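First up is the structure itself, then whatever we jot down about it.
What you see is a predicted model; the values in this text were computed from it and never measured.
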Amino acid sequence: MKGIIFTEFIEMVESRFSVEVAEQIIEAADLPSGGSYTSLGTYSHHEVLKLVIKLSSVSGVNPADLQFVFGEYLFGRFNEVHPEFFDGVQGSFEFLSKVQEYIHVEVRKLYPEANPPTLTCKRIDDHHMELHYVSHRPFAPLAFGLIKGCGIHFGENLTIHYEPLPGTGDGTEARFHLTLEG
């Protein structure tokens, strides 16, 4: 997993909790990297999971809810770091439809070893979309937060029904039913 995810997670913890909490969870997680990340580095996704678990124990917030909050935060940061992905995009459905065939392709060009999740979008009509998420990493709650952050970014009232798929239960596969209100 690319280091930008780790550096952004630590920045979110520092801004939403405190620098002391960030230091506490890094130390408590006993990470192979020692918790020293660079945005261009590559690290095991297990490290961010350990950090989420430690943050959960410190904050009392459920780990899936922490992933969701991080996803919302991360979407806002992606807009700042990669504004080119947003050029000419009119709304969340249009943006989400471009993730697999454009954004993930560009990510692989920048980081050839990257292995982003697979997102399949099915536009039902102007107000409904179904998004299928598949990954070898258990980050469906993070994807949920990213989708919510997308709706917020575009100023849309987006209702999202999160459906973990039966038998997966580990967050590696989910379906999202999106309704654009108004």
Side-chain angles (χ1 to χ4, degrees), residues 1-56 58-59 63-89 92 95-121 131 133-150 152-154 170-174:
M1 177 170 264
K2 295 314 297 175
I4 190 168
I5 301 300
F6 294 85
T7 59
E8 293 297 340
F9 181 77
I10 298 301
E11 285 182 24
M12 183 206 69
V13 172
E14 290 175 350
S15 69
R16 301 252 171 116
F17 296 91
S18 71
V19 171
E20 293 78 19
V21 168
E23 290 171 357
Q24 180 183 357
I25 67 169
I26 289 169
E27 186 175 317
D30 191 29
L31 304 165
S33 70
S36 180
Y37 304 109
T38 65
S39 61
L40 297 177
T42 302
Y43 309 92
S44 169
H45 72 276
H46 295 288
E47 288 197 25
V48 79
L49 291 172
K50 284 183 177 183
L51 290 168
V52 167
I53 296 297
K54 294 302 178 185
L55 181 57
S56 175
V58 168
S59 67
D65 292 341
L66 288 170
Q67 280 194 41
F68 175 85
V69 168
F70 179 49
E72 280 185 308
Y73 171 87
L74 194 56
F75 191 89
R77 291 292 297 143
F78 283 157
N79 181 40
E80 293 173 23
V81 175
H82 291 288
E84 68 276 13
F85 292 153
F86 296 83
D87 288 344
V89 178
S92 57
F95 183 86
L96 292 168
S97 294
K98 294 175 112 179
V99 170
Q100 187 64 34
E101 299 302 321
Y102 173 62
I103 296 171
H104 284 174
V105 169
E106 293 301 314
V107 166
R108 286 186 190 98
K109 287 179 188 175
L110 291 170
Y111 312 107
E113 72 283 359
N115 189 10
T118 301
L119 301 176
T120 306
C121 292
L131 190 148
Y133 167 91
V134 179
S135 178
H136 68 282
R137 295 180 287 261
F139 292 131
L142 175 68
F144 185 13
L146 284 163
I147 295 165
K148 181 69 173 179
C150 182
I152 291 167
H153 170 79
F154 288 104
D170 61 357
T172 59
E173 188 172 0

As a quick check of understanding, evaluate side chain to side chain contact (heavy atoms under 4.5 Å, CB included) for Phe70 and Leu142, giving each step before the final call. CA-CA 7 Å; Phe70 179 49; Leu142 175 68; 3.4 Å; yes
By side chain to side chain donor-acceptor pair (under 3.5 Å), which residues pair with His46, not counting sequence neighbours? none
Apply side chain to side chain donor-acceptor pair (under 3.5 Å) to Asn115 and list each qualifying residue two or more places apart in sequence or on a separate chain. His136
In the structure I gave you, are the side-chain heavy atoms of [X] and [Y] within less than 4.5 Å of one another anywhere?
X      : Y      : value
Thr172 : Arg137 : no
Ile25  : Phe9   : yes
Leu131 : Thr120 : no
Val89  : Phe154 : yes
Val134 : Pro117 : no

Could you measure the distance from the [atom1] atom of [X] to the [atom2] atom of [Y]? Nearest 0.5 Å is fine.
X      : Y      : atom1 : atom2 : result
Lys50  : Ile26  : NZ    : CD1   : 13.5 Å
Leu49  : Lys54  : CG    : NZ    : 13.0 Å
Ile10  : Ser15  : CD1   : OG    : 11.0 Å
Leu119 : Ser135 : CG    : OG    : 9.0 Å

Mind listing the closest non-hydrogen atom pair of [X] and [Y] along with its distance?
X      : Y     : result
Pro63  : Val52 : O-CG1, 3.7 Å
Pro141 : Ala64 : CB-O, 3.6 Å
Thr7   : Ser39 : CG2-N, 3.9 Å

All ring pair (Phe, Tyr, Trp, His ring centres under 6.0 Å) counterparts of [X], not counting sequence neighbours:
X      : answer
Phe95  : Phe75, Phe86
Phe139 : none
Tyr102 : Phe85

Salt bridge (charged side-chain N to carboxylate O under 4.0 Å, His left out) contacts in which one or both residues fall within residues 26-43, not counting sequence neighbours: none
Sequence neighbours left out, what passes salt bridge (charged side-chain N to carboxylate O under 4.0 Å, His left out) with Lys2? Give chain and number order. Glu113
Going by salt bridge (charged side-chain N to carboxylate O under 4.0 Å, His left out), name the residues that satisfy it together with Glu8, two or more places apart in sequence or in a different chain. Arg77
Contacts of [X] that satisfy side chain to side chain contact (heavy atoms under 4.5 Å, CB included) - sequence neighbours left out:
X     : answer
Ser59 : Phe17, Leu55, Val61, Leu66
Thr38 : Tyr43
Glu47 : Phe6, Leu31, Pro32, Ser33, Tyr37
Val19 : Glu14, Glu23

Test side chain to side chain contact (heavy atoms under 4.5 Å, CB included) on Glu72 and Leu146; report intermediate values, then the result. CA-CA 5 Å; Glu72 280 185 308; Leu146 284 163; over 6 Å; no
Pick one: which of Asn79, Val69, Ile5, Val81 meets side chain to side chain contact (heavy atoms under 4.5 Å, CB included) with Leu74? Ile5
